[in-house]
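This chain uses plain numbering: 1 for the first residue, then up along the sequence.
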Amino acid sequence: MATTQSNSRTFVLASRASLLAQIQTNSVLDTLQSIYADSDDQLRPKFKASFMSTAGDKNQSQALYLLGGKALWTKELEVALKEKEVDLLVHCLKDVPTTLPEGCALGAILEREDPVDSLVIKTGKPWKRLNELPEGSVIGTSSVRRVAQLKRQYPHFKFLDVRGNLNTRLAKLDAPDGPYAALVLAKAGLVRQGLGDRITADLHPPTLFYAVSQGALGIEVRSDDVEAIELCKKLTHRDTQYRCLAERACLRVLEGGCSVPVGVSTEIRGDLLKLTGCVTSLNGEEHVEHTIEQTVTNPEEAEEVGQKMAKVLIETGAKKILDDINVDRERRIVAAKAEDEVRGAS
């Protein structure tokens with residue numbers, strides 16, 4: 001629980017218990033401590049970290065597509081936040097729902113790592129690019145966004161779900177009798193865990209548009225915690241904030257989650273924000289894409305760009321694609337439940 005000792009507050013930073021989440025949280029903690037390292041003020045804030053498992057960590061068997069959205073990664077943490085057991089939640093921003101629970105707020109968006117996805121080839125194989133892989137090669141990924149976009153350009157590949165932490169997924173890739181020729185993973189996660197040497201090639205847009213807010217860390221706080229909100233202002237990176245707010249606003253209007261094939265690409269130069277958004281059908285056969293460039297001078301204007309993008313995508317075919325995806329998901333959920341019941345009865 002957050003404490004006050006001699007009027008000096010201790011802020012508790014919390015995140016998931018995965019190795020990547022701990023690395024990210026400890027990085028934020030180090031940054032906050034460095035901000036006050038030279039201060040002789042006895043009332044300067046103190047910081048400590050806490051870690052917990054979430055529903056997304058506990059269910060490593062089902063495809064993300066069937067598990068019900070981004071709250072899998074955040075719900076338990078938000079309960080602890082609202083009960084004042086912790087003060088700042090450190091998230092991969094791409095895992096944070098675009099609409100937060102009442103009483104919670106996005107306090108900071110930190111400077112973004114390279115948001116692209118990367119190709120990781122099975123150890124010992126000679127291929128250096130996607131187009132060098134043989135026909136029928138199995139690509140491992142748990143993201144329907146990646147599958148949908150890659151199917152559009154590489155219909156001769158097969159795609160297979162792969163879950164687990166990063167080291168587990170790499171072990172599945174490298175297993176001599178394993179099915180995977182390659183994995184597609186977020187570059188930022190590989191780099192943060194010191195595994196950048198496993199990257200064979202980066203998959204830049206338009207080959208693969210990345211997930212909303214991929215590569216960025218977000219800090220969630222209680223909306224009435226004035227001290228935490230002020231603290232977060234020291235962490236926010238303006239360009240990353242504007243880019244991610246535009247991307248999240250687009251996704252919010254589209255009502256997509258982490259398991260919906262919405263891809264983005266953003267750039268900001270001075271006050272000029274460029275946002276490209278796309279929605280792709282699960283089989284890769286339908287694809288809607290649009291680009292908007294607009295001057296932005298505050299967070300609200302950045303969000304307006306994202307909202308405008310979503311409306312254009314909806315008007316040009318995205319609504320039908322997303323409706324079809326929701327129907328498909330419901331069918332798969334029913335089938336999965338029936339399979340579980342049969343397994344339980346046997």
Side-chain angles (χ1 to χ4, degrees), residues 1-52 54 73-74 77-78 80-81 84-96 100 104-116 165-166 186-197 213-245 248 266 268 270 298-299 302:
M1 180 179 293
T3 58
T4 302
Q5 298 176 346
S6 303
N7 296 319
S8 174
R9 179 173 173 182
T10 297
F11 289 89
V12 181
L13 285 69
S15 74
R16 295 164 54 195
S18 70
L19 176 60
L20 177 58
Q22 291 191 46
I23 289 172
Q24 293 170 166
T25 300
N26 286 326
S27 172
V28 176
L29 187 146
D30 290 344
T31 299
L32 286 168
Q33 288 178 331
S34 70
I35 290 172
Y36 294 95
D38 297 328
S39 173
D40 294 326
D41 187 352
Q42 295 300 311
L43 301 182
R44 68 181 182 274
K46 299 178 176 63
F47 308 96
K48 65 179 182 179
S50 176
F51 305 102
M52 64 181 72
T54 66
W73 312 114
T74 60
L77 290 163
E78 286 169 339
L81 179 67
K84 300 187 177 181
E85 295 174 7
V86 302
D87 302 297
L88 299 96
L89 303 183
V90 181
H91 300 297
C92 285
L93 191 55
K94 73 181 180 66
D95 294 332
V96 179
L100 298 179
C104 297
L106 187 58
I109 299 177
L110 284 69
E111 185 170 6
R112 194 176 206 169
E113 294 272 2
D114 189 341
V116 301
N165 63 39
L166 194 49
K187 181 176 184 176
L190 286 160
V191 170
R192 285 174 179 149
Q193 293 192 52
L195 294 167
D197 61 331
S213 301
Q214 186 161 298
L217 298 182
I219 310 296
E220 187 176 358
V221 297
R222 291 182 294 277
S223 55
D224 62 354
D225 189 342
V226 177
E227 291 180 332
I229 291 170
E230 285 301 309
L231 195 67
C232 284
K233 291 179 181 178
K234 302 178 185 295
L235 297 172
T236 292
H237 183 256
R238 180 258 194 190
D239 286 2
T240 302
Q241 179 191 36
Y242 286 11
R243 291 172 65 192
C244 289
L245 288 178
R248 284 172 58 81
T266 49
I268 189 164
N298 57 57

Closest approach of Ala302 to Tyr242 (non-hydrogen atoms, all atoms of both residues): CB-O, 3.5 Å

Val90 and Ile219, any side-chain heavy atoms less than 4.5 Å apart: yes

Indicate yes or no: at least one non-hydrogen side-chain atom of Val28 is less than 4.5 angstrom from one of Leu13. yes

Could you report the tightest heavy-atom contact between Thr236 and Ala108, atom names first, then the distance? OG1-CA, 3.3 Å

As a test of understanding, state which of Leu217, Leu93, Asp239, Thr240 forms a side chain to side chain contact (heavy atoms under 4.5 Å, CB included) with Arg112. Thr240

Have Thr10 and Lys48 got a donor and an acceptor in their side chains that come within less than 3.5 Å? no

Is the closest side-chain heavy-atom distance between Glu220 and Leu77 below 4.5 Å? no

The reported gap from NZ in Lys84 to CG in Asp225 (rounded to nearest 0.5 angstrom) is 8.0 Å

Just how far is it from atom CG of Leu89 to atom CZ of Arg222, taken to the nearest 0.5 Å? 9.0 Å

Can I get a per-line list of side-chain donor-acceptor pairs under 3.5 Å for residues 190-197, giving both atom names and the distance, sequence neighbours left out?
unit_1	atom_1	unit_2	atom_2	d
Arg192	NH1	Gln24	OE1	3.0
Arg192	NH2	Gly215	O	2.9

Residues which pass salt bridge (Lys or Arg N to Asp or Glu O under 4.0 Å) with Glu227, listed by chain and number, not counting sequence neighbours: Arg9

Of all the heavy-atom pairs spanning Cys232 and Gly107, show the shortest one and how long it is. CB-O, 3.2 Å

Is there a donor-acceptor pair closer than 3.5 Å between any side-chain N or O of Thr25 and the backbone N or O of Ala14? no

What distance do Asn26 atom CG and Ser15 atom OG have between them, rounded to the nearest 0.5 Å? 8.0 Å

Contact summary for Pro115 and Gln214, nearest pair of heavy atoms: O-NE2, 2.8 Å

Trace of the side-chain contact (heavy atoms from CB on, under 4.5 Å) decision for Val221 with Ile229: CA-CA 7 Å; Val221 297; Ile229 291 170; 3.9 Å; yes

Please work out whether the ring planes of Phe47 and Tyr36 are parallel, tilted or perpendicular, with thresholds of 30° and 60°. tilted

Could you tell me the separation between the CG atom of Asp30 and the CD1 atom of Ile35, rounded to the nearest 0.5 Å? 11.0 Å

Hey, is the main chain of Thr266 close enough, under 3.5 Å, to the side chain of Arg243 for a donor-acceptor pair? yes

Could you report the tightest heavy-atom contact between Leu231 and Leu88, atom names first, then the distance? CD2-CD2, 4.4 Å

Closest non-hydrogen contact found for Thr31 with Ser34 is O-OG, 2.6 Å

Tell me, do Val96 and Ser213 make a side-chain contact under 4.5 Å, heavy atoms counted? no

Quick one, Asn165 and Leu20 - any side-chain contact, counting heavy atoms below 4.5 Å? no

Taking side chain as C-beta onward, heavy atoms only, is Ser50 less than 4.5 Å from Val12? yes

From Ser223 atom OG to Leu100 atom CG, the distance as rounded to the nearest 0.5 Å: 9.5 Å

Is the shortest side-chain heavy-atom distance between Lys187 and Glu113 below 4.5 Å? no

Look at the side chain of Gln241 and the backbone N and O of Ile109, then say whether any donor-acceptor pair between them is shorter than 3.5 Å. no

